[in-house]
Amino acid sequence: MLLRSLLFVPAANGRALEKSDGLPADGLIYDLEDSVAPEAKDEARERLREHLGKSRFAGIRIVRVNPLVLREGTEDLLMARGAGVDAVLLPKVEGADALNEAARALDEMDAPAKLRLWAMIETPRGILKAEKIARKGVRGRLSAFVVGPNDIRLATNVRPGPERTELLPWLMQIVLAAKANGIDVLDGVYGDFRDAEGFARECDAGRRMGFDGKTLIHPSQIAPANAAFGPSDAEIAEAERIAAAFERPENADRGVIQIDGRMIERLHLTEARRVLAQRDAIVARSATN
């Protein structure tokens, strides 16, 4: 599953919903929470319900719901289940209880197992409990973490610079918790969509840190994110060489081989196959646009 680019789409904005269907993002996160005013929650939900009923978007579809302790959150969850989306994104997850509650609710709705839960990690307590959340959540429907850097900044009064140095220990803690439990992890949004250079730097850093993709606030960020979190031509060529080398009969049972004087192990073959699988998925995704 490709997760290079996940665009937030405000459900209260009819024009944004209409335009989103033709975008080349790997996924769309339809937002019923932060981007919708309290008095507009019900109207936004109905607008989104109508849109999803006729949507032809080819990527993955996620709905960010309101907290389930609120009536709006319960109604959002019911709507998302009925609309047949791929995942429900829970805001401000600070423990496994929220995930368990959502999973039980989906079970009671007879939701298919393929309807997954994603968790926003965007508070100090959420960061501190990220490993426990991931470990317990994977027993249910949890399949991804999404970082919420703006809420983290607000809650901690941290003022990170352009390189996010002050946030790096916490971001890496979230990444490590996700990877240890076999779930995906998405980097947070970059707020200034006019700053293409800054966005490119943050995407590059996010990929080096191990994020699987990035959440976005504007369609102009989709192409750069797809490029940053997808394999480069050089990476694809290297993966093809490694895979071809291990396919030779004389290397079939070897754990280590040499390519141009470099020692290449089976772990490199695993990585090469991952790159080639992503390449094939990108080709298939492009064919649907």
Side-chain angles (χ1 to χ4, degrees), residues 1-10 13 15-31 35 55-64 85-87 89 116 118 120 143-150 162-164 171 174-175 178-179 183-240 243 271-289:
M1 179 171 62
L2 291 173
L3 295 171
R4 299 168 299 169
S5 54
L6 284 296
L7 177 69
F8 277 102
V9 180
N13 188 327
R15 185 167 179 269
L17 287 173
E18 183 179 351
K19 291 177 63 178
S20 67
D21 258 11
L23 295 175
D26 288 339
L28 299 177
I29 302 175
Y30 303 102
D31 187 28
S35 66
S55 172
R56 296 296 179 266
F57 180 67
I60 58 175
R61 303 186 302 171
I62 306 100
V63 174
R64 179 162 72 169
V85 298
D86 299 288
L89 176 57
R116 311 302 290 173
W118 289 15
M120 291 288 304
S143 65
F145 276 165
V146 179
V147 173
N150 292 329
E163 303 304 321
R164 299 192 294 180
L171 296 178
I174 297 169
V175 171
K179 300 299 181 179
I183 66 173
D184 298 308
V185 57
L186 287 303
D187 198 0
V189 299
Y190 187 83
D192 187 356
F193 63 85
R194 294 183 180 86
D195 181 10
E197 291 185 6
F199 179 71
R201 286 195 303 270
E202 191 162 293
C203 283
D204 182 58
R207 187 184 182 194
R208 294 198 311 271
M209 292 164 64
F211 283 106
D212 297 294
K214 193 161 183 65
T215 51
L216 316 173
I217 63 167
H218 194 273
S220 65
Q221 297 175 324
I222 295 172
N226 284 345
F229 287 94
S232 66
D233 291 342
E235 289 170 329
I236 291 172
E238 176 72 359
E240 290 173 339
E271 183 178 8
R273 286 172 173 164
R274 184 183 302 126
V275 169
L276 297 178
Q278 189 179 29
R279 175 204 61 187
D280 294 343
I282 291 170
V283 172
R285 175 78 179 94
S286 299
T288 65
N289 292 336

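Quick caveat: nothing in here was measured; it's all calculated off a predicted structure. Here, residue 1 is the first one in the sequence, and each next residue gets the next number.
Taking every heavy atom of both residues into account, Val185 and Ala178 meet most closely at CB-CB, 3.7 Å. Listed here is the closest heavy atom pair of Arg279 and Pro231: N-CG, 4.4 Å. Between Ile217 and Gly191, the shortest heavy-atom distance links the atoms CD1-O, 3.1 Å. Residue Trp118 comes nearest to Leu3 through the heavy atom pair CH2-CD2, 3.8 Å, listed as atom of the first residue, atom of the second, then distance. What you find for Pro10 and Leu17 is that their closest heavy atoms are O-CG, 4.2 Å.
Among residues at least two apart or in separate chains, there is no salt bridge (charged side-chain N to carboxylate O under 4.0 Å, His left out) pair with a member in residues 217-226. For residues 215-231, no pair satisfies salt bridge (charged side-chain N to carboxylate O under 4.0 Å, His left out), with sequence neighbours left out.
Atom CZ of residue Phe229 and atom OG of residue Ser5 lie 10.0 Å apart, to the nearest 0.5 angstrom. Once rounded to the nearest 0.5 Å, the distance linking CG of Leu276 with CD1 of Ile236 reads 7.5 Å. Here CD of Gln221 is found 8.0 Å from NZ of Lys214. Values are rounded to the nearest 0.5 Å. Between the CZ atom of Phe193 and the CG atom of Leu216 there is a distance of 12.5 Å, given to the nearest 0.5 Å. From Leu2, atom CG reaches atom CD of Gln278 across 6.0 Å, with rounding to the nearest 0.5 Å. To the nearest 0.5 Å, atoms CG (Asp195) and CZ (Arg201) are separated by 6.5 Å.
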I'd like to know whether Val147 forms a side-chain contact (heavy atoms from CB on, under 4.5 Å) with Phe211, so could you lay out the CA-CA distance, the side-chain angles of the two residues, the decisive distance to 0.1 Å, and finally the verdict. CA-CA 10 Å; Val147 173; Phe211 283 106; 3.7 Å; yes

Could you please spell out the steps behind the side-chain contact (heavy atoms from CB on, under 4.5 Å) verdict for Asn226 and Ile282? CA-CA 9 Å; Asn226 284 345; Ile282 291 170; over 6 Å; no

Just do the side-chain contact (heavy atoms from CB on, under 4.5 Å) check on Ser20 and Tyr30 with the steps written out, would you? CA-CA 10 Å; Ser20 67; Tyr30 303 102; 4.2 Å; yes

How far apart are the C-alpha atoms of Asp21 and Arg56, what are their side-chain angles, what is the distance that settles it, and do they pass the salt bridge (Lys or Arg N to Asp or Glu O under 4.0 Å) test? CA-CA 6 Å; Asp21 258 11; Arg56 296 296 179 266; over 6 Å; no

Would Arg61 and Asp86 count as a side-chain contact (heavy atoms from CB on, under 4.5 Å) here? Give the steps. CA-CA 5 Å; Arg61 303 186 302 171; Asp86 299 288; 3.9 Å; yes

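Counting non-hydrogen atoms of other residues, nucleotides and ligands closer than 6.0 Å to CD of Glu235 gives a total above 12. Around CD of Glu240, the count of heavy atoms belonging to other residues, nucleotides or ligands within 6.0 Å exceeds 12. For Asp280, the CG atom sits in a packed shell: over 12 heavy atoms of surrounding residues, nucleotides or ligands are nearer than 6.0 Å.
The one candidate from Lys179, Arg274, Arg4 that meets the salt bridge (Lys or Arg N to Asp or Glu O under 4.0 Å) condition with Asp212 is Lys179.
Side-chain contact between Pro224 and Phe199: present, with at least one pair of heavy atoms (C-beta onward) separated by less than 4.5 Å.
Remark: Arg116 does not engage Asp184 in a salt bridge, criterion side-chain N to carboxylate O under 4.0 Å.
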